[in-house]
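Excluded from the calculations below are hydrogen atoms, water molecules and symmetry mates; all remaining heavy atoms, backbone and side chain alike, are included. Labels below follow one simple rule: chain letters A, B, ... track the order of the sequence lines, proteins then strands, and each chain is numbered from 1. Remember, predicted model here, so these are calculated numbers, not experimental data.
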Amino acid sequence: MSSISTPPTTDSTSHITSYPRFIGRSLWLATEGSFGFYAWMTMLTALFLVGANAWAHQVAGGMISTHMTDHVSWGLYIANFTFMVGLAAGGVMMVIPAYLYHDRKMHDVVIIGELLAVSAIVMCLMFVVADLGRPDRFWHLIPGLGKFNFPISMLTWDVIVLNGYLVLNLHICGYLLYMRFLGRQPNPVWYVPFVMLSIVWAISIHTVTAFLYCGLGGRPFWNTALLAPRFLASAFVSGPSFIIVTMVLMKKLTSVQGLEQPIATLTKIIRVTILINLLMVASELFTEFYTGGTHVSSAKYLFFGLHGKTALVPWTWTAIGLNITAACLFLWPGLLSPKFRLLLVAACLMAFVGTWIEKGMGLIIPGFIPSTLHEVVEYVPSMLEWKVSVGVWAFGLMVFTIAIKAALPTLRQPAQSTDT
Amino acid sequence: MTTINERPEAGNRELPIVENFSRRAAVKGGFATLGAAAFVAAISPLRHAAQNTSAAEFLQKHYTELSDEQKADVIARLEAETKKNYGAEVTIGDDRPIPGTKFVYAINLSVCNGNGKCVEACHKENNHDRATHQSYIRIVEMPKGTLDMEQGSTTYTGVVPKDDKFYLPVQCQQCDEPPCVDVCPVKATWKEEDGIVVVDYNWCIGCRYCEAACPYHARRFNWKKPEVPADQVNPDQSYLSNRIRPVGVVEKCTYCLHRTRRGRLPACLEACPTGARVFGNILDEDSNIRWILDNKRVYILKEELGTKPAFFYYFD
Ligand code: SF4
Ligand code: SF4
């Protein structure tokens with residue numbers, strides 16, 4: 001990707017040798033580290049292997065080993081997938097201040113957001129594959145080779161926008177890191193237009209993913225125009241929360257500087273988005289419960305249980321508790337002072353987990369309960385589904401860790417900037 | 001990123017010169033090999049799955065793109081596989097729509113008494129998995145005086161019919177605007193000229209998007225390999241309908257196209273002891289079904305969704 005798009009000022013033949021050297025060196029650097037780093041990576045590898053093994057069993061024996069049924073035909077995988085798309089889109093909340101508002105401090109570390117996008121999309125794709133009954137027929141989805149139902153099926157749109165977003169971010173990160181490796185000034189022509197495109201694209205991935213659900217007339221719980229905006233608002237909570245935690249860790253573990261101001265900016269962003277998200281939840285709840293009728297059954301199931309079936313209720317109230325506590329913490333101005341660093345991390349984790357429940361299980365499962373014939377069949381993920389999901393998360397965190405390590409030399413500079 | 005040229009020495013920093021460079025490389029290589037080996041071991045159950053999928057099946061084209069010879073090969077292969085895996089001699093036809101036909105179904109809810117014979121007939125006719133009692137039909141027991149399905153029950157027991165109830169059988173409505181077809185990312189499901197919505201079980205990737213999109217709970221997923229004892233397999237099969245489905249794909253009611261396209265009636269209709277079910281070609285002006293649609297006050301399920309079912313209900 002990046003080797004194609006280098007500035008024309010150099011003789012292009014050299015890239016043939018220097019690009020592999022760049023990859024090799026990045027990999028070498030990314031696998032250098034302390035004992036703690038090796039322990040972390042070993043743990044992730046072990047978890048990933050457990051997940052891979054569970055998935056292999058699922059493919060060999062059929063999806064009967066999940067707890068999904070014809071009534072609740074999507075479960076933990078699609079829940080995680082939906083959340084992951086949000087995480088990927090959330091990275092753009094660093095890109096917008098950096099490139100649209102010319103926040104220099106943010107600009108210096110913006111690559112963290114782009115690498116998060118790459119890792120999250122990788123996880124998205126893995127969750128989709130995990131959910132397929134016939135992963136061996138994956139090639140039917142490849143335009144040109146298979147039969148691509150474009151533009152009617154929203155899922156084909158999702159395939160396009162997700163892969164497009166992956167390629168865009170790979171290009172941007174790859175180009176910047178490669179230029180850094182060559183010791184050259186990156187040429188804005190080769191990446192700024194792509195960054196601008198990636199901003200629009202980030203919005204699109206989450207909008208299209210919301211359209212997957214809200215276009216289904218037979219599922220009243222999803223069939224609301226508010227779904228896409230709600231998706232975006234919560235994405236802009238979960239993404240920045242994850243990045244803040246990453247940056248706090250980087251401050252502790254590496255010598256990267258100039259992270260303080262980006263942390264503050266992201267905190268301020270969450271302050272707004274978390275409230276918008278809660279506002280939209282409230283507005284949806286009002287519409288559902290005040291109107292009543294059959295539309296409200298799913299919401300009733302989600303919050304209070306239906307016909308004595310209450311599997312989702314503890315999840316829901318945990319999410320509400322976490323989200324409201326996090327919102328209160330974020331609204332408190334003292335949260336940014338360095339002595340409350342742990343509290344900030346706690347607030348971010350609460351917002352992250354709260355969104356994960358709300359946008360995952362809390363969104364997917366009630367769509368199926370009650371079913372279209374109004375049967376109430378509950379769903380609780382099986383052990384195998386948890387293993388596969390943890391495996392995918394472990395793999396994604398591995399990709400993220402390695403990517404951040406490879407990018408460290410770009411970041412480890414004092415926070416002084418020139419204009420681009 | 002904008003500061004790059006200010007500290008070029010950092011940019012050109014070569015690999016850290018460490019004396020034990022080659023030792024570290026060896027250790028890293030060792031770990032990588034170990035990881036790769038562990039990965040291969042972890043996914044070894046896949047070998048089992050791979051044995052069940054022949055190369056011919058893996059590479060098979062979409063149904064609508066198969067030439068006649070290719071279709072014949074595919075069908076011969078499927079018949080051989082059924083023999084091998086289920087011990088049953090079957091013939092798999094390739095039944096195409098009859099020109100000038102549009103099949104519709106109607107049920108007289110004043111007559112239906114919820115005995116469930118249609119559910120059972122479907123189970124046998126379509127070679128459904130025995131252990132799960134799978135069937136394409138569900139019957140909702142409804143309190144008289146409402147059409148609100150929320151008040152119904154699909155798990156009713158006891159002697160039927162009960163005085164204060166009526167019975168609403170639901171199966172695929174063969175919608176004229178089928179949301180299930182729209183959402184399929186790989187065109188594995190489509191509507192044929194006689195109105196029947198079919199699935200190519202050898203093309204479906206098992207994403208279950210259609211199952212989420214169908215407003216009538218008409219689709220079923222093969223969560224495991226269907227098990228049918230050899231002597232119970234219905235040998236009269238068709239590629240797009242009741243042949244035994246592979247694991248991991250979606251299936252649905254096909255108005256028994258392996259019967260109806262050969263001039264017979266659906267199995268559920270033949271099994272119904274009350275005569276509540278009427279099936280036929282709506283384009284045929286003299287058909288029973290046409291008379292009913294013209295003379296009875298018929299209604300369709302979930303009309304507000306705009307799916308335009310080819311399945312009608314009426315009361316006498
Ligand atoms: S009833 Fe469901 S499966 Fe049948 S055509 Fe309509 S949407 Fe598709
Ligand atoms: S499960 Fe099969 S038929 Fe249904 S949408 Fe997915 S690929 Fe299409």
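Without hydrogens or angle criteria, A:Asn149 side chain to B:Pro185 main chain gives no donor-acceptor distance under 3.5 Å. Side chain of A:Ser73 to backbone of B:Glu211: no donor-acceptor contact under 3.5 angstrom is found. Put simply, the side chain of A:Arg219 never gets that close to the backbone of B:Ala213: no donor and acceptor are under 3.5 Å apart. Looking only at distances, no side-chain donor or acceptor of B:Tyr216 sits under 3.5 Å from a matching main-chain atom of A:Gly218. For the pair A:Arg134 (side chain) and B:Val247 (backbone), a donor-acceptor distance under 3.5 Å is present.
Interface summary for chain B: among A:Met68, A:Lys147, A:Gln58, the most heavy-atom pairs under 4.5 angstrom belong to A:Lys147. Contact count against chain B (heavy-atom pairs under 4.5 Å) is highest for A:Thr31 among A:Val59, A:Val50, A:Thr31. Each of A:Ala46, A:Ala60, A:Gly62 has some count of heavy-atom pairs under 4.5 Å with chain B, and the biggest count is that of A:Ala60.
Looking at B:Lys28 and A:Trp28, their side chains come closer than 4.5 Å, going by heavy atoms from C-beta outward. No side-chain heavy atom of B:Phe221 sits less than 4.5 Å from a side-chain heavy atom of A:Thr69. A:Leu373 places a side-chain heavy atom less than 4.5 Å from the side chain of B:Met149. Residues A:His140 and B:Lys187 are not in side-chain contact: their nearest non-hydrogen atoms beyond the backbone lie 4.5 Å or more apart. Put simply, the side chain of B:Val186 does not reach to within 4.5 Å of the side chain of A:Arg137, judged on heavy atoms. A:Leu155 is not listed as a side-chain neighbour of B:Val183, based on a closest heavy-atom distance of 4.5 Å or more. With a 4.5 Å cut-off on side-chain heavy atoms, B:Asp182 and A:Met154 do not count as touching. Between B:Arg208 and A:Leu132, every side-chain heavy-atom pair lies at or beyond the 4.5 Å cut-off.
Ring orientation note: the planes of A:Trp139 and B:Trp203 are nearly perpendicular, at an angle over 60° on the 30°/60° scale.
Legend: residues meeting side chain to side chain donor-acceptor pair (under 3.5 Å) with B:Gln171, ordered by chain and number and at least two apart, are B:Arg277.
Not less than 6.0 angstrom separates the ring centroid of B:Phe31 from the ring centroid of A:Tyr38. For B:His217 and A:His71, the distance between ring centers is under 6.0 angstrom.
Chain A is approached within less than 4.5 Å, heavy atom to heavy atom, by B:Lys302, B:Leu305 from residues 299-306 of chain B, ordered by number.
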